[in-house]
Amino acid sequence: MTTYRKKLLYTLITLVMVVLMAVGFLLGHLFKSYYIKTFNERIQNETFFISTYIKEHGGIESFLEKGKTAKLTPLLDSNLTILSKSGEILYDSTSSNEILKSHANVLRKITLEKGLKNGEGYEVVEGESDLHYYWKTVEKDGEIEGFVVHSNEIEAIHQVNKQMWQILIICLGVALIIILMLASKITSYYTRPIEEATMAAIELAKGNYGTRTFGRHTDETGMLTTSLNILARNLQETEIAREMNQDRLETLVENIGSGVLLIDSKGYTTLINREFKKSFRVNAATFLFQEYYSVIKDQEVIAIIEEIFRTEKTIKRQVKIPLAIERKHFEIYGAPIIGNHDEWKGILLIFHDITELKRLEQMRKDFVANVSHELRTPITSIKGFSETLLDGALKDEKTLKHFLSIILKESDRLQELIQELLNLSKMEQQEFVLNAGVVDITKVLGEIQEMLIGKLKEKEVSLEIKTSPEPVFIEGESDRIKQVFINLITNALTYTPNGGRVTVDIIENEQTVDITVQDNGIGIEEKELPRIFERFYRIDKARSRDSGGTGIGLAIVKHIIEVHKGKINVESTPGTGTTFTVTLNKSLKGKM
């Protein structure tokens with residue numbers, strides 16, 4: 001804004017200088033014209049006076065004879081020349097050697113060319129010092145006797161004009177300085193509010209709505225600053241409200257549990273949220289502001305987008321999308337975005353991840369199918385053998401005993417299955433309470449080893465429990481902990497061939513205890529590892545069913561470990577063996 005002030009000041013200075021110079025030239029010209037006019041009038045009056053005086057004293061001859069020139073010349077401030085009718089110089093106030101040739105030529109021109117035609121007149125000879133001549137005839141007895149010529153240099157006028165210009169320049173210079181001082185004050189006074197208002201407007205344009213101006217005037221500039229302050233305050237309040245709404249919207253969009261994709265009317269992606277980036281593993285830098293069909297790979301999603309563009313209707317559809325090594329199920333809700341004036345603005349797509357729901361639904365179906373199958377097998381056996389006995393097998397004591405033993409075995413299996421289902425259902429209830437205490441894990445594992453001696457001898461499998469001589473205490477319920485490791489060790493024995501080995505190792509950490517159950521059995525395929533803790537899921541269905549397993553043992557194990565706030569991990573290599581690692585919290589009370 002200093003440039004604006006300088007421009008205004010320079011404009012005023014230029015204008016003032018032009019005006020002062022014009023006034024100076026005009027005054028100089030007027031003064032010069034007035035002085036020359038006065039000078040010429042004085043010469044004319046003096047010439048007329050001398051001509052009349054000579055005429056009244058008897059003419060030129062009488063005037064010269066009486067010596068009147070000696071009295072008249074000192075009274076004049078100019079040259080006096082008296083000529084005869086023929087142009088002869090009868091008298092000249094200058095000495096004879098001072099009469100220049102040019103002066104004589106001018107006198108001759110006056111008398112011979114103009115004097116006889118005109119009774120009086122002017123003649124100006126320009127040069128270094130301009131000579132002004134005024135001549136008038138002298139008559140005697142009605143005839144021209146001669147001429148009186150009055151001449152003078154105008155050099156004095158030049159001196160006066162020079163002094164006049166000096167005075168004028170000094171006056172104009174002083175006036176210019178005074179005007180510049182006043183102009184600087186005035187421009188500063190009137191431009192400062194405009195500068196402040198402009199700076200405030202620039203800050204507002206940059207987005208700094210907290211800027212304010214301080215008006216000290218009551219005129220239009222004061223109204224300008226006041227209006228600007230009101231505008232800034234309104235913009236600040238609007239910006240605060242906009243930022244709050246923007247933050248709320250961004251927080252809502254970013255933290256919503258479903259993926260959000262926004263596509264504009266031209267088909268460019270303009271918005272994705274955190275869940276979308278996480279679900280589809282995309283980078284915002286390469287995904288945003290691109291054509292949707294160039295960044296979206298799934299053809300079903302592209303078909304949904306194109307259908308919304310074509311029909312301008314809301315669509316709700318379930319799709320299965322492959323992502324890396326897994327497939328996820330999404331429920332896509334797509335809606336067109338149309339403005340207040342039926343202006344097409346784009347499409348909004350919301351991706352609800354229903355993979356877990358689909359998995360649970362499939363688990364429910366599998367559970368129902370597996371429970372039905374598991375219950376049908378013993379019930380079918382019981383029913384079949386009962387019908388056989390009723391048809392006449394009761395009379396054969398050996399057959400009767402054999403069938404009744406089978407019925408009892410199947411009844412026990414059915415009872416065990418129902419009991420384990422009840423236990424699993426009870427543990428999944430929120431009101432399930434764990435009677436936690438201090439458990440010596442070495443003692444529990446020793447008891448399990450004694451329980452499984454018969455089975456170990458039957459399969460010729462060795463069971464080794466590696467532990468320290470000192471007891472290892474954990475927090476938990478003794479019966480539940482025993483149930484966990486009975487299941488794990490029994491499974492290890494079941495899937496380990498004759499002559500195999502099962503090793504249980506106890507590793508103490510600072511706050512936890514790791515118990516590993518390792519076998520060298522058939523192992524588990526990597527793709528089956530995530531499902532081994534599902535109910536009724538069997539790796540080798542024939543072997544597990546022959547061994548009397550129900551298929552929910554590992555599901556119970558997982559729930560018991562979770563209730564104890566522990567962890568269970570599994571590592572396996574087909575043909576090499578499987579290792580289950582159970583991590584439980586150490587009890588500090590047992591060492592006190």
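Side-chain atoms are counted along with the backbone in the values below, which use heavy atoms only and exclude waters and symmetry mates. In this text the structure is predicted, and so the values were computed from the model without any measurement.
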Could you go through Tyr293 and Ile305, starting from their C-alpha distance and side-chain angles, then the distance that decides it, and tell me whether this counts as side-chain contact (heavy atoms from CB on, under 4.5 Å)? CA-CA 9 Å; Tyr293 50 80; Ile305 295 172; over 6 Å; no

Checking side-chain contact (heavy atoms from CB on, under 4.5 Å) for the pair Ile489/Gln449: CA distance, chi angles, key distance, verdict? CA-CA 9 Å; Ile489 295 174; Gln449 188 174 21; over 6 Å; no

Of Ile354, Ile321, Leu357, the one forming a side-chain contact (heavy atoms from CB on, under 4.5 Å) with His329 is Ile354

Just verifying a value: how many Å separate Ile296 CD1 and Glu291 CD, rounded to the nearest 0.5 Å? 11.5 Å

When you look at CD of Glu243, are more than 12 heavy atoms from neighbouring residues, nucleotides or ligands closer to it than 6.0 Å? yes

May I have the step-by-step check of side-chain contact (heavy atoms from CB on, under 4.5 Å) for Thr578 and Tyr495, ending in yes or no? CA-CA 9 Å; Thr578 304; Tyr495 294 102; over 6 Å; no

Has Asn585 got a side-chain atom pairing as donor or acceptor with Glu475's backbone, closer than 3.5 angstrom? no

With sequence neighbours excluded, give me every side chain to side chain donor-acceptor pair (under 3.5 Å) pair touching residues 300-322. Glu307-Arg317, Gln318-Lys358

For the student: nearest non-hydrogen atoms of Arg281 and Leu323, plus distance: NH1-CB, 3.8 Å

Val444 to Ser478 - nearest heavy-atom pair and separation: CG2-OG, 4.2 Å

Please assess Ile338 against Trp344 for the test side-chain contact (heavy atoms from CB on, under 4.5 Å), listing each intermediate value before the final yes or no. CA-CA 5 Å; Ile338 300 176; Trp344 180 267; 4.1 Å; yes

Sidechain-backbone polar pair: Asn273 side chain, Val253 backbone, donor-acceptor under 3.5 Å: yes

Taking the side chain as everything from C-beta on, heavy atoms only, tell me whether Glu275 gets closer than 4.5 Å to Ile256. no

Backbone N/O of Glu460 and side chain of Asn498: donor-acceptor pair under 3.5 Å: no

For Phe309, does the CZ atom have more than 12 heavy-atom neighbours from other residues, nucleotides or ligands under 6.0 Å away? yes

Hey, what do you get for CD1 (Ile506) to CG (Leu445), rounding to the nearest 0.5 Å? 5.0 Å

Mind checking the CG-NZ spacing from Leu452 to Lys459? Nearest 0.5 Å is all I need. 12.0 Å

Counting the benzene-type ring for Trp, do Phe280 and Phe351 have ring centres under 6.0 Å apart? yes

Just so I know, are the side chains of Ser265 and Lys345 near enough to count as touching, which here means a heavy-atom distance under 4.5 Å? no

Side chain to side chain donor-acceptor pair (under 3.5 Å) pairs, two or more places apart, involving residues 247-260: Gln246-Glu250, Asn255-Arg274, Ser258-His352

Do other residues, nucleotides or ligands put more than 12 heavy atoms under 6.0 Å from the NZ atom of Lys277? yes

In the structure I gave you, are the side-chain heavy atoms of Asn509 and Thr583 within less than 4.5 Å of one another anywhere? no

Check Ile465 against Gly446 and note the closest heavy-atom contact, atom names and distance. CD1-N, 4.4 Å

Would you call Leu349 and Tyr333 a side-chain contact if the rule is heavy atoms closer than 4.5 Å? no

Under a 4.0 Å threshold between the charged nitrogen and the carboxylate oxygen, would Lys586 count as salt-bridged to Glu508? yes

Just so I know, are the side chains of Phe287 and Ile272 near enough to count as touching, which here means a heavy-atom distance under 4.5 Å? yes

Let me confirm one number: the CD1-CD distance from Ile263 to Gln290, rounded to the nearest 0.5 Å. 12.5 Å

On a heavy-atom basis, the closest approach of Pro471 and Asp440 is CB-OD2, 3.2 Å

Got a second to check how far Thr270's OG1 is from Leu262's CG, nearest 0.5 Å? 3.5 Å

Where is the tightest heavy-atom contact between Gln518 and Thr579, given as atom of each residue plus distance? CG-OG1, 3.3 Å

Does this structure show an ion pair linking Arg242 with Glu239, if we count only N-O contacts that are shorter than 4.0 Å? yes

Rounded at 0.5 Å granularity, tell me how far CG in Asp298 sits from CD1 in Ile332. 7.5 Å

Below 4.5 Å, heavy atoms only, C-beta onward: do Lys455 and Thr494 meet side chain to side chain? yes

Taking every non-hydrogen atom, the tightest pair across Ile568 and Ile561: N-CG2, 4.1 Å

I want to check something: taking the side chain as every heavy atom from C-beta on, are Leu554 and Lys558 in contact at a cut-off of under 4.5 Å? no

Using side-chain heavy atoms (C-beta onward) and a distance below 4.5 Å, is Lys466 in contact with Thr503? yes

